[in-house]
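Being a predicted model, the structure only gives us computed values, none of them experimental.
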There are 2 protein chains.
Amino acid sequence: MRLLIARCTVDYVGRLTAHLPEAPRVIMVKADGSVLVHSDGGSYKPLNWMSPPCTVRMAESEDDGIDQVWTVENKAGEQLIVTIHEILHDHERELGTDPGLVKDGVEAHLQKLLAEQLDALGDGWRLIRREFPTAIGPVDLMCRDAQGLSVAVEIKRRGEIDGVEQLTRYLELLNRDPLLQPVRGVFAAQEIKPQARVLAEDRGIECIVVDYDALRGVDDAESRLF
Amino acid sequence: MRLLIARCTVDYVGRLTAHLPEAPRVIMVKADGSVLVHSDGGSYKPLNWMSPPCTVRMAESEDDGIDQVWTVENKAGEQLIVTIHEILHDHERELGTDPGLVKDGVEAHLQKLLAEQLDALGDGWRLIRREFPTAIGPVDLMCRDAQGLSVAVEIKRRGEIDGVEQLTRYLELLNRDPLLQPVRGVFAAQEIKPQARVLAEDRGIECIVVDYDALRGVDDAESRLF
DNA sequence: CCGTAAATGTCGTCG
DNA sequence: CGACGACGTTTACGG
């Protein structure tokens with residue numbers, strides 16, 4: 001890991017072309033050769049960057065007002081050209097590999113909790129399987145309701161239009177299967193946007209807002225019993 | 001801008017919870033209070049972060065093996081807690097505001113070029129308007145073909161399934177308008193994924209792969225004439 | 001390696 | 001401020 005603060009000009013030529021006029025910025029060079037150029041604001045996204053795997057070629061320059069020119073290139077031939085006018089700070093250190101991030105609360109957990117607590121979706125439901133496979137991708141939960149009819153459940157953290165489209169595609173396909181049809185759809189999310197709800201209900205898809213904390217609470221309570 | 005290299009533990013509690021075990025990492029504190037925690041590899045996305053606007057509270061610690069505890073919080077109450085065990089490097093510098101990035105080659109440009117060179121889509125077409133407004137959003141290009149029939153064009157850099165869905169929604173709506181219908185659809189992109197092509201053609205939508213460089217070349221040549 | 005779906009997506013624009 | 005679509009989306013996961 002090398003950290004530079006430098007007055008620099010940066011050009012990217014690849015999927016698009018982008019140019020950064022000269023200004024002081026932070027340049028981060030990671031162990032895998034990737035390069036990030038950050039300004040002193042904005043979000044976590046760098047102004048410009050090159051993702052690994054890539055190679056860095058660093059060349060001194062004789063030109064007036066230019067200290068070095070870095071050419072960072074990946075396999076696809078995309079290039080990031082960093083022209084360094086003046087180095088203001090330069091520090092390098094080995095960090096080693098990171099143990100990595102542990103996450104909780106993403107869609108996968110919501111799916112697991114709902115699979116264990118189907119009553120949050122409907123009374124008397126039975127789980128056929130999670131990640132029920134279809135030709136165009138897996139259905140989050142495939143169930144049978146109390147009447148034994150098929151229900152395809154699409155789970156999202158935030159329910160938006162594309163989630164409804166996704167479920168619609170599944171339903172269209174599943175309803176061609178004589179062993180399953182008729183299959184109805186349920187769109188379950190912690191939050192459902194109004195547009196998504198309108199579209200879903202227009203297509204006969206039921207919307208259910210689920211409470212992650214409540215599901216987790218029940219789960220924890222059950223865990224403590226055993 | 002403050003750059004730290006430190007052995008640290010990081011916890012995020014907000015839209016999800018996430019934990020980083022102790023390890024040496026780079027911590028970037030920007031002028032707007034945002035904090036990024038980077039490892040020495042991966043891509044431009046930090047392991048953990050807090051986006052602006054947010055506030056940082058830095059507290060010394062008496063605990064054994066803990067130097068400082070930072071609590072970064074945003075308006076929504078999401079928290080990033082950085083526990084610093086040992087500072088390995090620390091540097092701070094004012095960078096000022098960045099002049100910002102200049103881009104070229106994105107979808108807007110492709111749309112402009114196609115609007116000027118409709119013959120790349122079909123002979124004898126007339127442009128009705130770019131960004132043709134509908135209740136559910138603007139259609140990239142609304143045209144009339146040589147027979148005077150309506151054509152809705154959806155433009156993408158990379159043509160994938162959701163682009164086809166988007167165009168399908170527009171067509172469904174537009175075909176209810178007696179002044180326009182029948183409206184056919186054209187899906188134009190620099191690259192069209194096989195699945196997207198199958199879905200589009202299944203719905204009677206024509207797929208056209210456009211050559212950005214060629215369009216730009218013609219455009220440049222025309223520009224030089226005037 | 002391709003394809004799909006998720007993301008603490010982020011970022012711009014427009015109402 | 002919310003909604004919506006683009007993004008050099010990036011990233012993870014499965015066949």
Nearest-Å distance for atom pair [atom1]/[atom2], residues [X] and [N]:
X      : N      : atom1 : atom2 : value
B/N48  : C/dT10 : CG    : C1'   : 16 Å
A/L199 : D/dG5  : CG    : P     : 11 Å
A/Y12  : D/dG8  : OH    : P     : 8 Å
B/K103 : C/dC11 : NZ    : P     : 10 Å
B/E78  : C/dA7  : CD    : P     : 14 Å
A/L36  : D/dT10 : CG    : P     : 12 Å
A/I192 : D/dA3  : CD1   : P     : 13 Å
B/L167 : D/dG5  : CG    : P     : 13 Å

Quiz item: Taking the nucleotide of DNA chain D with the closest heavy atom to each, which residue, B/D140 or A/E191, is nearer the 5' end?
Solution: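 With B/D140 and A/E191 compared, the 5'-side residue is A/E191.
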
Quiz item: On DNA chain D, nearest-nucleotide positions of A/N74 versus B/R169: which is more 5'?
Solution: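 Result of the comparison: B/R169.
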
Distance between the [atom1] atoms of [N] and [M], in whole angstroms?
N      : M      : atom1 : answer
D/dA6  : C/dA7  : C1'   : 15 Å
D/dC7  : D/dT11 : C1'   : 14 Å
D/dT10 : C/dG12 : P     : 16 Å

Quiz item: Looking only at side-chain N and O atoms, does B/S51 come under 4.0 Å of OP1 or OP2 in C/dT8?
Solution: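 Checking C/dT8 against B/S51, no side-chain N or O comes under 4.0 Å of OP1 or OP2.
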
Quiz item: Is there a side-chain polar atom (N or O) of A/R15 under 4.0 Å from OP1 or OP2 of D/dT10?
Solution: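 Answer is yes, contact under 4.0 Å.
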
How is [X] classified with respect to the nucleic acid when contacts are heavy atoms under 4.0 Å: base, sugar-phosphate, or nothing?
X      : result
B/P194 : sugar-phosphate
B/D162 : nothing
B/E154 : sugar-phosphate
A/I136 : sugar-phosphate

Could you check which of [options] has an atom nearest any side-chain atom of [X]?
X      : options               : result
B/K193 : C/dG3, C/dT10, C/dA6  : C/dG3
A/W49  : C/dA5, D/dG8, D/dA3   : D/dG8
A/Q166 : D/dT10, C/dT10, C/dA5 : C/dA5
B/Y170 : D/dA6, C/dT8, D/dG5   : D/dG5
A/K156 : D/dG8, C/dG3, C/dA6   : C/dA6
B/K45  : D/dG8, D/dT11, C/dA5  : D/dT11
A/S43  : C/dA6, C/dT10, D/dG5  : C/dT10

Exercise. Give a yes-or-no answer on whether the side chains of A/S150 and A/R144 include a donor-acceptor pair shorter than 3.5 Å.
Key: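 Yes, a side-chain donor-acceptor pair sits under 3.5 Å.
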
Quiz item: Starting at the 5' end of DNA chain C, which residue's closest nucleotide do you reach first, B/M50 or A/G137?
Solution: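 Result: A/G137.
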
Quiz item: Quick one: on DNA chain C, does A/K75 or A/I155 contact a more 5' nucleotide (nearest heavy atom)?
Solution: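 On the 5' side of the pair lies A/K75.
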
Quiz item: Stacking between A/Y44 and the base of C/dT10 (centre distance under 5.5 Å, interplanar angle under 30°)?
Solution: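 So A/Y44 does not count as stacking on the base.
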
Quiz prompt | Candidate list A/L215, A/L110, A/V209, A/D211, test side chain to side chain contact (heavy atoms under 4.5 Å, CB included), partner A/Q190, passing option | solution =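 Going through the options one by one, the only one that passes is A/L110.
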
Quiz item: Between B/D40 (side chain) and A/A31 (backbone), is there a donor-acceptor pair under 3.5 Å?
Solution: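 Pair found, side chain donor or acceptor close to backbone of A/A31.
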
Self-check item: Flag, side chain of A/T17 to backbone of A/V13, donor-acceptor distance under 3.5 Å
Solution: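 Checking the backbone N and O of A/V13 against the side chain of A/T17, no donor-acceptor pair under 3.5 Å is found.
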
Quiz item: Does A/R129 come within less than 4.0 Å of A/E131, counting only side-chain N to carboxylate O?
Solution: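 A salt bridge is absent here (no side-chain N lies under 4.0 Å from a carboxylate O).
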
Quiz prompt | Partner set under salt bridge (charged side-chain N to carboxylate O under 4.0 Å, His left out) for A/R93, not counting sequence neighbours | solution =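 In terms of salt bridge (charged side-chain N to carboxylate O under 4.0 Å, His left out), with neighbours along the sequence ignored, A/R93 is linked to no residue.
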
Exercise. Counting Watson-Crick and G-U wobble pairs only, both distances under 3.5 Å, name the nucleotide matched with D/dG2, or none.
Key: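 Base-paired to C/dC14.
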
Quiz item: Under 4.5 Å between any side-chain heavy atoms of B/Y12 and A/L101, yes or no?
Solution: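 The answer is no, as the side chains (C-beta and beyond) never meet within the 4.5 Å cut-off.
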
